[in-house]
Number of protein chains: 2
Amino acid sequence: MIDYLLRKLRARDEIADLEELALGRLAGEIRDYPADKTVIQEGEPLDFSSLLLEGMMCRYKDLRDGGRQISAIHVPGDFLDLHSFTLKRLDHNVMAMTRCKVVLVPHERLKAMTEEEPHLTRLFWFSTNLDAAMHREWELSLGRRSAIARVAHLFCELQARLEIVGLAEEAGYDFKFTQTEIAECVGLTSVHVNRVLRQLRERRLVEFRGGRVTMLDRAGLERIAEFRPAYLYLDRRPI
Amino acid sequence: MIDYLLRKLRARDEIADLEELALGRLAGEIRDYPADKTVIQEGEPLDFSSLLLEGMMCRYKDLRDGGRQISAIHVPGDFLDLHSFTLKRLDHNVMAMTRCKVVLVPHERLKAMTEEEPHLTRLFWFSTNLDAAMHREWELSLGRRSAIARVAHLFCELQARLEIVGLAEEAGYDFKFTQTEIAECVGLTSVHVNRVLRQLRERRLVEFRGGRVTMLDRAGLERIAEFRPAYLYLDRRPI
DNA sequence: CGAGTACTTGACTGTGGTCAAAGCCAGTGG
DNA sequence: CCACTGGCTTTGACCACAGTCAAGTACTCG
């Protein structure tokens, strides 16, 4: 059940067998959500965190005028809201973009973990720091990258993140977002995203159709995105 | 020396006297930096984190074309790079925006803290999660807010953050940034920031001159910024 | 087969970018 | 005390990238 999480953690550090068992004991109730369901509301008090097992979710914030900004995308193996353990409530909403399955981890078990498993605690802390690193890279996209580079960068990031958990092939990956939802990630309108997708297709870099990203020229795509994956901390270092 | 840090933490949770002592023992070497000095380079291996004692610093990333995005501003009491404890190196640069004083905290002492002081560990974890919450709010600004709302929001955020550590009055605060640097925070050009600042002044909302922000109509400013400080987690809750 | 949603495209608009010149001010040196 | 310098700010004219609006097309799913 925690396979994807283990793959994600083992890509970065050693996990002892006893620690794997301790991780297994964190798991509580399992929940399924339908697509487009808002799973966590901004501000609501939380006493558990959720680990995504299947599907894709996102974090988002709304403005009064209807503008919505997606601030992160979650793939299997990601915690949706591990940060709610210390924050107690969230500053954003969390929504299922597809049908999803999650497992709940009660905060009291996380608290016990911080008392008994300092190494796992550091790994979990790392995991929230990784979220923050992705937020920073998105800030760079939103603030300074051109429209085409933003979309290209998003596709590159997801390719790399899905590869870690074995959910992307060299050729591409499933990505069941609408163009409007992509627009909400990259700070553009859906109309403009559509135009950018056409350009990316015509320049033979990447194709997005029918909920699937097909890499046509990954190196070229990474070049125009200025994608440098260091911010994903993909190498192994003891934490 | 750790006064500002204590004020920041005590705004959110109880700190026992013994914990205060433990915090004091984290402190190592003190360093001074001149304005405009890049203090930490992206990618450089780190074995200490830095707590800002005086001055203002920022995190930033560059693009090849010279575009720079500032992803966070630090005020006294903030750790510049507490996340480097688990990440081991940073995905961004850190620069002193004014003359600054910091105190170094060796990672080995932080590691010992995670073994011996679970409550402080959770507080430090909280502190990096707070950084991420600010990143998310900036993503919303960069992706969806208008130019004037972005600048207004930045001024509101700093007012609130500086108040916690006692470095802002009702009337405003010192903010020794150039207009170009503000532009690098909000994803605009310095020319446009200049136009926006004029608007804010003419609408009697806020004035920025000579490295000082003067609040003229704080409620009005917060309204056009859609500033809702929940993301700063200013209330006290046990962590 | 019809309804609803998502995608596509074109015409037009506007916010914010670019380029350039001038003004301002603090610091430095004659 | 003044001239010079360099960085920052201010303004204007013009431009372009991306937004808006609207209509039409393509798919899915009941």
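Note: hydrogens, waters and symmetry copies are ignored here, and every other heavy atom, side chains too, is used. Just so we're on the same page: letters track the sequence lines, and every chain starts at 1.
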Whole-Å gap separating C1' (D:dT10) and CG (B:Leu200): 16 Å

Looking only at side chains, do A:Tyr231 and A:Glu157 share a donor and an acceptor under 3.5 Å apart? yes

Verdict with reasoning, A:Thr38 to A:Asn93, per side-chain hydrogen bond (donor to acceptor under 3.5 Å, both in side chains): CA-CA 7 Å; A:Thr38 291; A:Asn93 307 287; over 6 Å; no

Using side chain to side chain contact (heavy atoms under 4.5 Å, CB included) as the criterion, point out the one residue from A:His92, A:Glu184, A:Arg68, A:Gln69 that pairs with A:Asp62. A:Arg68

Under a 3.5 Å threshold, yes or no: a donor from one side chain and an acceptor from the other, between A:His153 and A:Glu226? no

Stepwise salt bridge (Lys or Arg N to Asp or Glu O under 4.0 Å) check, B:Lys61 with B:Asp91: CA-CA 8 Å; B:Lys61 291 190 171 206; B:Asp91 51 276; 3.6 Å; yes

Expected string for nucleotides 11-27 of chain C under the B/S/- scheme (protein heavy atoms, under 4.0 Å, primed atoms plus P, OP1, OP2 as sugar-phosphate) is B----BBBB--------

Check each of A:Leu80, A:Leu51, A:Asp81 against A:His74 using the side chain to side chain contact (heavy atoms under 4.5 Å, CB included) test, and report the only one that passes. A:Leu80

I want to check one thing: is the phosphate of C:dC7, taken as OP1 and OP2, less than 4.0 Å away from some side-chain N or O of A:Asn194? no

Residue-phosphate contact under 4.0 Å: B:Gln179 side-chain N/O, D:dG7 OP1/OP2: no

Below the 4.0 Å mark, does C:dT8 have OP1 or OP2 next to a side-chain nitrogen or oxygen of A:Arg198? no

Between C1' on D:dT9 and CZ on B:Phe177, what's the gap in Å once rounded to a whole number? 17 Å

Rounding to a whole Å, what distance do you find between B:Lys176:NZ and D:dC8:P? 14 Å

Distance, rounded to the nearest Å, where A:Phe208 contributes CZ and C:dC7 contributes P: 7 Å

